[in-house]
Every structure is written in C-alpha cells, then in structure tokens.
2 protein chains.
Amino acid sequence: MTEAGLSTRGEKKERTRRAILDAALRLSEETGLGGLSLRQVAKEVGIVPTAFYRHFASIDELGLALVQESFSSLRAMIRDVRRGNPQIEEIVDRSVQVLDEHVRGQRAHFSFIARERNGGSAVVRAAVRQELALFERELATDLARLPMDHWSAEDLHILSRLIVVAMIAVAEEILELPDREGSAIRDRARTQLLMLIVGALNWRSRPAEEK
Amino acid sequence: MTEAGLSTRGEKKERTRRAILDAALRLSEETGLGGLSLRQVAKEVGIVPTAFYRHFASIDELGLALVQESFSSLRAMIRDVRRGNPQIEEIVDRSVQVLDEHVRGQRAHFSFIARERNGGSAVVRAAVRQELALFERELATDLARLPMDHWSAEDLHILSRLIVVAMIAVAEEILELPDREGSAIRDRARTQLLMLIVGALNWRSRPAEEK
DNA sequence: AGTTTCAGTGTACGCACGTTCACTGAAAGG
DNA sequence: CCTTTCAGTGAACGTGCGTACACTGAAACT
C-alpha cells in the first residue's frame, strides 16, 4: 500500500503547505510580504517556527509560490472572459463583470499582486513584473484576433499595456471599498474601457501626423 | 540678537530634520517605509536613536511628511507642464518630456509614491491615495480648459484617472531602468497619451449607444 | 520485523528593534 | 550673569526575530 484515504505522508505535508500559503496570503494583506515573519506564519498555521523550513527555504521562496498562485487566478480570469462569446460589443460588459467577480472572489490574490508589484523584496517584485509583462503580451495576442487592421505589434502592445494598467486601477478601487456595492465602480470601469476602445478604433485611421 | 549666520538653534534643528527626511527617503527605496527602522535612520543621519523623537513621534509621522514632500514634487511637475504654451498638439511631447525629466530628477519622490500607494502602513497609504485623488481632480479641471465640448464632469474625471494611471505606469518604467536611455520609453509614453487623446476627441461625438 | 525517512518538536543563541529615563551642554532669554 | 530651554546623549529594559541543533515518532520501504 502506498496511498491511503486521507493521511498518507505526502498528503499531510501538502495540507500543511497549503495552510502556510493561505496564512501568508492573509497575514500579508495587513503588513505586506516584507513585514511578514516566519514566526507569525508558523503560529498562525499551528506549527513550530523551525518546521517552516520543511516547506520553504525562506519567506522570499514562499513569496515566489504566492506569485505563481496569484497569476493562476489572473489567468483563470481572462480564460473566463474568453469563454462565452467574442461579440464585439458585449465584450466590455462581460470583461468588467468578470473582473469584478474575480477580484471580489480572489481578493487576496489581486491584493497581493497590486502590493508586491512595487513594494517588498526585490526578487518577488521582479517575479511579479515578469508575470505581468507576460500577461500583457498574452492580452496583445488576444487583441490581435479582434478586427483591428493595420495595427503594428508595437501599437498592440501599447494598447494592451493601457488596458492592463486601467484594469489594475479598477481592481485597486474594488479592493479599497469592500462593503460598498460597486455598481458605480463598474460603470466607471465600463466607461474607461469604452474610451480606450473608441481611441483604438480611431487610431491608425486618423493620426498620420508623426510618420 | 536672535538669528546668527549659520548656527542658530532653529537652523541646526531644521538641518537635522532634513537629514532625517533624506535618509528615510533613500533607505526606504530598498526596504519600503514599512521595513524602515528608527535605528537605521538615526545611524544613517549620525544621531542617537532617541534623538529621532525630537523631530517625529513615529515612523508613520515621518511618512506623512514624506507624502507631503513627494506630492510637492508632483505638483511642481504639472506646474512645469502648464508653464510654457498650451498648444494643443505640442502638449503631448511637452508632458512626456517634463515627466521624464522630473522622474529622473526626483526619482526618490516618485518611487515613494508608487511604492507607498499600495504597500506600507495604513495611514500613509491613505494619505497617498487622498493626495492622488486630489491630483486627479486638479488634472480634470485642467482638461476642462481644453476644447472638449459636451463633456460631463464625470467623464472628465474618468479620462483624468486614465491619464494619471497611464503616466504612473510610465514613471514606474522609467524608475525600473535607471541607466538605459529612455527614448523608447518616451516614445511609448507619447503613443499612450496620443491614443488616450484620440479616444477623447472621438468620445462624445461617437458613442450614443448607452443613453 | 527491522530499518530508514522525514514532518514536526523544543531549546537555546545572538541580534535588532522601539521605548524609558536621567543626563549634558550650549544657545536663547531674563 | 544667571536661568531656562531643548537637541542630542548613553545606558538599560523587554520583545520578537531568524536560525542552529539534537530530538521524536509514525509512515514508508525492504
């Protein structure tokens, strides 16, 4: 017998690992990852401080695992947007709705990304930025599938970046006001996206001034 | 005689205060304000830890002073943009150029704002966000002076927010690559602003679909 | 049945932290 | 000239930190 019902060695270890990740995610919402101590996390999980080392070599390594986890959340979100219909006019409403749902459902992940993008340790910050850059590139290829002719790869990427930073700003607004029902925020987010899209639709057809 | 050349009581105190602010600004670039200790700052300045209390009651109070200082920088920047000419087509180039200069010249201030906006202590974060909201409102009234007819106050504010988050993103890019000459970044920033403006110019004249 | 593996324990260490308190000495003021 | 003010000193405290080391006991393997 190598695997039993719910208490094999590996299962127990995995459960503790999850508990550590969850505790770190929750505690770091108040202090930031940098202000997080190994001992706090251990106490929260219910293990002795030194047992932490059985799972991670340092807080930074824990942080990298949280980066992966948080971006899995984010990718699941755009997969949710894609699933359904690419109706060109419905896409704004659907994107905003999905963003709102995911940010509220996975607030810890989004808050982690927003926070550690600028603050915290250099290695975690670098990981977040790399994932964010990757995400921008993915969005750019998504945009390329829409009927926007004559767009250079460069312009697509710039538009993608604009959309990402706007949506991060919206996510930060949602995170800031947890209780308030966010219909006003959703309306503003819709307007923001629409403005960007109107700009995009009139982009290469209009400004032939630089070159 | 109440004031002498360069060593009156008040002057010496003010000089120490400045040294504390400068040291904190520099040290917090590596660790964040939250990861900053009173003892570190004191050692950097060259005073004994307890002398810190003669100037600030806590690190948080120091942080609030740095918020004020950093936003003075930011306001000086848009004053620089306004000074000169409001030539409608020149405004993008000038804005990007001034942004680039100021971010490089006052990198510590911009880095402080970008960092403490999300991370760090609750009170400092709240102060940064309030100042940022105020700044957005100022920009909105600036925009209202440009020839954009039929814009609601709400839409102006949304556009203002889009511009602010886009410019913060540009500032973060500049901060990220200190040595590299940022002509590529400037080009992309110009394109971003132009996209936003093209969107703005085609905004109320086009989408009459919602209401 | 006997041996190995290893997640978790418990103690102990040296260190940096914020804060307290009584102090010093020169500038400011009478 | 004598007194007050106050920026900066220096020693001491309790606390939480990361990490080391030797350990235990049950699951896994032979």
Side-chain angles (χ1 to χ4, degrees), chain A residues 1-24 26-28 30-66 119-124, chain B residues 1-24 26-28 30-66 119-124:
Chain A
M1 300 289 147
T2 44
E3 295 286 292
L6 40 72
S7 261
T8 116
R9 195 115 105 165
E11 279 170 2
K12 253 197 88 74
K13 178 167 188 183
E14 179 54 30
R15 226 178 301 144
T16 303
R17 191 188 138 96
R18 269 253 53 84
I20 292 178
L21 288 169
D22 291 342
R26 198 162 54 68
L27 290 175
S28 71
E30 295 156 12
T31 57
L33 187 72
L36 201 62
S37 84
L38 183 157
R39 288 178 113 101
Q40 262 179 60
V41 176
K43 175 177 284 184
E44 181 82 5
V45 172
I47 58 177
V48 96
T50 47
F52 176 90
Y53 292 113
R54 299 283 176 203
H55 303 272
F56 301 98
S58 65
I59 293 278
D60 262 12
E61 202 178 281
L62 203 187
L64 292 181
L66 289 176
S121 91
V123 31
V124 172
Chain B
M1 300 290 148
T2 44
E3 295 286 293
L6 41 72
S7 263
T8 117
R9 193 112 108 167
E11 279 172 2
K12 253 198 86 75
K13 179 167 187 183
E14 180 53 31
R15 227 177 301 144
T16 303
R17 192 188 138 96
R18 268 252 55 83
I20 291 177
L21 288 169
D22 290 342
R26 198 163 52 70
L27 289 175
S28 71
E30 294 156 14
T31 58
L33 187 72
L36 200 62
S37 85
L38 184 157
R39 288 178 112 101
Q40 262 177 60
V41 176
K43 173 176 287 185
E44 181 81 6
V45 173
I47 58 178
V48 98
T50 48
F52 176 91
Y53 292 112
R54 298 285 176 202
H55 303 272
F56 302 98
S58 64
I59 293 277
D60 263 11
E61 202 178 281
L62 202 186
L64 293 181
L66 289 177
S121 91
V123 33
V124 172

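Order of the sequence lines sets the chain letters (A, B, ...), proteins ahead of strands, with each chain counted from 1.
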Nearest-nucleotide wise, let me know which of B:L38 and A:G46 is further upstream toward the 5' end of DNA chain C. A:G46
Protein-nucleotide distance ([X], atom [atom1]; [N], atom [atom2]), rounded to Å:
{"X": "B:I59", "N": "C:dT19", "atom1": "CD1", "atom2": "P", "value": "9 Å"}
{"X": "A:F56", "N": "C:dG8", "atom1": "CZ", "atom2": "P", "value": "12 Å"}
{"X": "A:D60", "N": "D:dG18", "atom1": "CG", "atom2": "P", "value": "12 Å"}
{"X": "A:Q40", "N": "D:dG16", "atom1": "CD", "atom2": "C1'", "value": "10 Å"}
{"X": "B:K43", "N": "D:dG10", "atom1": "NZ", "atom2": "P", "value": "14 Å"}
{"X": "B:K12", "N": "D:dT5", "atom1": "NZ", "atom2": "P", "value": "22 Å"}
{"X": "A:I47", "N": "C:dA7", "atom1": "CD1", "atom2": "P", "value": "11 Å"}
{"X": "A:E14", "N": "C:dC6", "atom1": "CD", "atom2": "P", "value": "16 Å"}

Need to verify one output field. Residue with the more 5' nearest nucleotide on DNA chain D, B:V48 or A:R39? B:V48
Taking for each residue the nucleotide of DNA chain D with the nearest heavy atom, is it A:G10 or A:R54 whose nucleotide lies nearer the 5' end? A:R54
For [N], does either OP1 or OP2 sit under 4.0 Å from a side-chain N or O belonging to [X]?
{"X": "A:T16", "N": "C:dG8", "answer": "yes"}
{"X": "B:K13", "N": "D:dA7", "answer": "yes"}
{"X": "A:T50", "N": "C:dT9", "answer": "no"}

Look at the side chain of B:R9 and decide which nucleotide, out of D:dC17, C:dT9, D:dC6, has an atom nearest to it. D:dC6
Choosing from C:dT9, D:dG8, C:dA28, which nucleotide comes nearest the side chain of A:A51? C:dT9
Just do the side-chain contact (heavy atoms from CB on, under 4.5 Å) check on B:E11 and B:R15 with the steps written out, would you? CA-CA 6 Å; B:E11 279 172 2; B:R15 227 177 301 144; 4.2 Å; yes
How far apart are the closest heavy atoms of B:T16 and B:H55, and which atoms are they? CG2-NE2, 3.6 Å
Closest non-hydrogen atoms of B:S28 and B:L36, given as atom of the first, atom of the second and distance, are N-CD1, 4.0 Å
Go through A:I20 and A:I47 one step at a time and tell me if the side-chain contact (heavy atoms from CB on, under 4.5 Å) criterion holds. CA-CA 10 Å; A:I20 292 178; A:I47 58 177; 4.3 Å; yes
Assess the residue pair A:L64 and A:F56 against the criterion (side-chain contact (heavy atoms from CB on, under 4.5 Å)); give the C-alpha distance rounded to whole Å, side-chain angles, the decisive distance to 0.1 Å, and a yes or no. CA-CA 10 Å; A:L64 292 181; A:F56 301 98; over 6 Å; no
